[in-house]
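Owing to the predicted nature of the structure, the values given are computational and were not obtained by experimental measurement.
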Amino acid sequence: MSLCPCGSNLEFEACCGPIIAGAPAQTAEALMRSRYSAYVKKEYGHLEKSLSETQRKDFDVADSKRWAETSEWQGLTIHQVEKGGVNDDQGMVHFTAKFRTEGKEHDHIEAALFAREEGRWVYAGYIQPKGTPVRREEPKVGRNDPCPCGSGKKYKKCCGVKE
């Protein structure tokens, strides 16, 4: 017996194992955890079966297999769960899956959407992340300030010229 790769601190056979084997997940989070474990355990059939009908149309077994087999899976962190309980029909799980590929560390961060189809939880997509705010490190150059390029001209007569 071994601990489940999903990080639940439960034995695999008492956590994600039955879901990967075909038992329905009780919650959206349980399905999310089983999908992560399926990548670790290279259970591609579960990855496909746990997708919504719409998501299944774009599923590529070869791509999933390549990602799973060329990655060293390092852990799953669940940050937030909204709905997705036993009595819900929809839910969201915000998570980070850590992995290493070609010697480089990666974080796959996602707000995954889940829904019920025919009474079973399925992965239904994700929420597109908003752009990361740009933070200016230097003070903004004014029109009449010297140009930062070093030309000696005013910014408005050099790099700040609007065409």
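Within a 6.0 Å radius of CZ in F59, more than 12 heavy atoms belonging to other residues, nucleotides or ligands are found. In this structure, E102 places its CD atom where only 12 or fewer heavy-atom neighbours from other residues, nucleotides or ligands lie under 6.0 Å away. By the 6.0 Å contact criterion, CD on E53 is open, its count of non-hydrogen atoms from other residues, nucleotides or ligands being 12 or less.
Scanning all heavy atoms of the two residues, the minimum distance from K153 to C158 falls at CB-CB, 4.1 Å. Taking both residues in full, the closest heavy atoms of V61 and E48 are given as CG2-OE1, 4.0 Å, listed atom of the first, atom of the second, then distance. A112 and M32 make their closest contact through CB-SD, 4.5 Å (heavy atoms, listed as atom of the first residue, atom of the second, distance). When all heavy atoms are compared, the tightest approach of G85 to W121 is O-CZ2, 3.3 Å. In terms of heavy-atom proximity, G22 sits nearest to R120 at O-NH2, 3.0 Å. Smallest separation of non-hydrogen atoms from A124 and S52: CA-OG, 3.9 Å.
Between the side chains of S71 and T101, a donor-acceptor pair is found at a separation under 3.5 Å.
In this structure, K41 forms a cation-pi arrangement with F12, its terminal cationic atom sitting closer than 6.0 Å to the ring centre and no more than 45° off the ring axis.
With rounding to the nearest 0.5 Å, the separation of CD in E11 from CG in L3 is 5.5 Å. Note that the OG atom of S151 and the NZ atom of K157 stand 12.5 Å from one another [nearest 0.5 Å]. In this structure, the separation between CG on L47 and CD1 on I20 is 8.0 Å, given to the nearest 0.5 Å. Between atom CD of residue Q128 and atom CD of residue E110 there is a gap of 10.0 Å, rounded to the nearest 0.5 Å. The CG atom of D107 sits 3.5 Å away from atom NZ of K98, with the distance rounded to the nearest 0.5 Å.
Under the 4.5 Å side-chain heavy-atom criterion for Ile, Leu, Val, Met, Phe, Trp and Tyr, L76 and Y126 are members of the same hydrophobic cluster.
A donor-acceptor contact shorter than 3.5 Å links the side chain of D60 to the backbone of A62. For the pair Y36 (side chain) and G75 (backbone), a donor-acceptor distance under 3.5 Å is present. Checked by atom type and distance alone, the side chain of Y123 pairs as donor or acceptor with a backbone atom of G125 at under 3.5 Å. The closest donor-acceptor contact from the side chain of R56 to the backbone of L51 lies under 3.5 Å.
In this structure, K42 and E69 have side chains that are in contact, with non-hydrogen atoms separated by less than 4.5 Å. Side chains of I78 and E29 form a contact here, defined as non-hydrogen atoms less than 4.5 Å apart. Between C15 and C6 there is a side-chain heavy-atom pair separated by less than 4.5 Å. K83 has its side chain out of reach of F114: every pair of non-hydrogen atoms, C-beta onward, lies at least 4.5 Å apart. Looking at L31 and S50, their side chains come closer than 4.5 Å, going by heavy atoms from C-beta outward. Side-chain atoms of S34 and H46, non-hydrogen and from C-beta on, do get closer than 4.5 Å to each other. Proximity of Q74 to R100: side-chain heavy atoms (C-beta onward) are separated by under 4.5 Å at one or more points. Taking 4.5 Å as the limit, every side-chain heavy atom of P24 sits out of range of all side-chain heavy atoms of I19.
The aromatic rings of H108 and F95 sit tilted, their planes meeting at an angle between 30° and 60°. Note: W73 and Y39 have tilted aromatic rings, judged against thresholds of 30 and 60 degrees for the angle between ring planes.
With sequence neighbours left out, the side chain to side chain contact (heavy atoms under 4.5 Å, CB included) criterion links C159 to C147, C149, Y155.
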